[in-house]
Amino acid sequence: MKRKTKSRPRKTPVAESWSRVAADFGGETFWGKSKKEPDRLDVPHRVWRIVTDIHVQSHGEGSTTYTRVRALFVRTQPFRLTVTKRNPFHSLGVLFGYRAVPIGYSQLEKALFVRSDRADLTRSMLRGTALGQGMMREPVKLSVARPGRPIRKIAGDTVGEVQILKRGKVHDVSELRELVQTCMWTLDELDRLGVADDTPVEGVAL
């Protein structure tokens with residue numbers, strides 16, 4: 001008698017996931033040469049435009065694929081932030097001076113490793129906010145920094161960038177929705193704390 005094997009749940013195709021999230025947020029998907037998957041997903045949020053795409057980072061002889069969510073904003077003051085899921089290597093880094101920003105909330109500090117040049121703003125962004133709760137629920141790599149040189153050459157040094165990276169191609173609709181929502185929360189917090197100006201970035205796109 002043959003044993004029945006459980007079938008794996010079908011993955012939602014990237015094209016379907018992106019289309020559903022675009023519909024949720026009033027966004028739009030854009031197609032390039034590929035007929036199987038869209039090139040990007042654009043979602044508006046207040047004065048900003050949030051762009052999702054697939055990003056491949058090369059390292060040595062290999063590469064890593066990420067789902068990437070980004071947005072440009074007008075900076076009113078310098079601010080750098082990096083948030084990643086905490087791992088054992090971070091504890092070793094303390095021995096060499098690689099220390100996290102003290103947040104003052106143990107659950108958040110156990111889940112996330114946070115680096116920033118402004119501890120006061122970082123604590124305000126993450127403690128008791130939707131952004132902090134979302135990052136603990138679904139840890140991803142979140143960064144706030146100056147964009148790459150090509151964008152700075154066009155837009156100048158007053159532009160900042162929010163970037164979120166999640167390893168692999170995200171197929172799950174709720175997970176993709178959470179990534180876009182995390183970018184929205186980050187922009188809202190930057191605006192609330194006076195780091196981002198509530199005006200659109202003109203003349204440059206991601």
Side-chain angles (χ1 to χ4, degrees), residues 17-18 20-29 40-55 66-86 100-147 159-168 170 172-201 205-206:
S17 300
W18 288 25
R20 289 171 62 178
V21 172
D24 288 344
F25 291 115
E28 187 177 0
T29 55
R40 56 190 277 160
L41 161 65
D42 282 19
V43 169
H45 178 58
R46 296 171 56 188
V47 302
W48 304 292
R49 183 156 294 276
I50 297 171
V51 176
T52 301
D53 61 9
I54 301 300
H55 177 62
Y66 295 93
T67 298
R68 179 175 63 175
V69 183
R70 298 184 292 166
L72 297 176
F73 64 93
V74 177
R75 293 189 310 150
T76 59
Q77 57 180 302
F79 178 63
R80 295 182 65 88
L81 171 70
T82 303
V83 185
T84 57
K85 183 178 181 180
R86 184 175 281 276
V101 172
I103 303 299
Y105 181 53
S106 60
Q107 287 184 313
L108 197 150
E109 291 176 345
K110 288 178 181 177
L112 304 173
F113 188 81
V114 183
R115 297 272 291 174
S116 177
D117 58 354
R118 288 288 304 273
D120 55 338
L121 295 178
T122 299
R123 281 190 285 268
S124 295
M125 283 186 71
L126 297 175
R127 282 184 59 176
T129 64
L131 174 61
Q133 293 297 318
M135 288 293 293
M136 284 195 296
R137 197 166 51 244
E138 185 64 39
V140 293
K141 183 176 181 181
L142 165 67
S143 63
V144 178
R146 297 167 69 196
V159 173
E161 180 183 17
V162 176
Q163 183 173 129
I164 297 165
L165 293 174
K166 178 74 174 182
R167 187 184 290 266
V170 175
D172 184 77
V173 175
S174 60
E175 189 176 352
L176 183 62
R177 189 185 295 118
E178 183 89 358
L179 292 178
V180 175
Q181 185 71 70
T182 298
C183 191
M184 292 179 174
W185 288 328
T186 304
L187 291 166
D188 289 341
E189 287 299 317
L190 293 173
D191 178 43
R192 179 179 70 86
L193 296 170
V195 176
D197 193 0
D198 195 7
T199 58
V201 176
L206 292 170

### Query
Does R46 CZ have over 12 foreign heavy atoms under 6.0 Å away?
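Enclosed: over 12 neighbouring heavy atoms sit under 6.0 Å from CZ of R46.
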### Task
Give a yes or no on this: more than 12 heavy atoms of other residues, nucleotides or ligands lie within 6.0 Å of atom CZ of R167.
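Counting other residues, nucleotides and ligands, CZ of R167 stays at 12 neighbours or fewer.
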### Message
Quick one, L131 with M135, criterion side chain to side chain contact (heavy atoms under 4.5 Å, CB included). Give me CA distance, side-chain angles, the key distance, then yes/no.
### Response
CA-CA 6 Å; L131 174 61; M135 288 293 293; 4.0 Å; yes
Shortest non-hydrogen contact from [X] to [Y]?
| X | Y | value |
| --- | --- | --- |
| C183 | A71 | SG-CB, 3.9 Å |
| T67 | G168 | OG1-O, 2.8 Å |
| T129 | S124 | CG2-O, 3.5 Å |
| I164 | L179 | CD1-O, 3.6 Å |
| G27 | P44 | CA-CD, 3.9 Å |
| K166 | V170 | CG-CG2, 3.7 Å |

Checking [X] side chain against [Y] main chain: does a donor-acceptor pair fall under 3.5 Å?
| X | Y | result |
| --- | --- | --- |
| D117 | R80 | yes |
| S116 | T122 | no |
| E109 | G104 | yes |

At what distance, to the nearest 0.5 angstrom, does [atom1] of [X] lie from [atom2] of [Y]?
| X | Y | atom1 | atom2 | result |
| --- | --- | --- | --- | --- |
| K141 | T84 | NZ | OG1 | 7.5 Å |
| T186 | H45 | OG1 | NE2 | 9.5 Å |
| I54 | R40 | CD1 | CZ | 13.0 Å |
| R115 | T82 | CZ | OG1 | 8.5 Å |
| R177 | D172 | CZ | CG | 8.5 Å |
| L190 | D197 | CG | CG | 12.0 Å |

### Query
So among L72, L187, V69, L81, which one has a side-chain contact (heavy atoms from CB on, under 4.5 Å) with V162?
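For V162, the side-chain contact (heavy atoms from CB on, under 4.5 Å) test succeeds with only one of L72, L187, V69, L81, which is L187.
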A side-chain contact here means heavy atoms from C-beta on lying under 4.5 Å apart; do [X] and [Y] qualify?
| X | Y | value |
| --- | --- | --- |
| W48 | M184 | no |
| T76 | V74 | no |
| F79 | M125 | yes |
| V140 | L165 | no |
| D191 | F73 | no |

### Message
What verdict does the side chain to side chain contact (heavy atoms under 4.5 Å, CB included) test give for L206 and E161, after you've listed the backbone C-alpha separation in whole Å, the side-chain angles of each residue and the deciding distance to 0.1 Å?
### Response
CA-CA 10 Å; L206 292 170; E161 180 183 17; 4.0 Å; yes
### Task
Evaluate the side chain to side chain contact (heavy atoms under 4.5 Å, CB included) criterion for residues V195 and E189: first the C-alpha distance (whole Å), next the side-chain angles of each, then the deciding distance (0.1 Å), finally the verdict.
CA-CA 8 Å; V195 176; E189 287 299 317; over 6 Å; no
### Query
Excluding sequence neighbours, so at least two apart, what forms side-chain hydrogen bond (donor to acceptor under 3.5 Å, both in side chains) with Q77?
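Q77: side-chain hydrogen bond (donor to acceptor under 3.5 Å, both in side chains) contacts with R118.
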### Task
Any chance you could lay out the side chain to side chain contact (heavy atoms under 4.5 Å, CB included) test for R86 and K110, step after step, and finish with the verdict?
CA-CA 7 Å; R86 184 175 281 276; K110 288 178 181 177; 5.6 Å; no
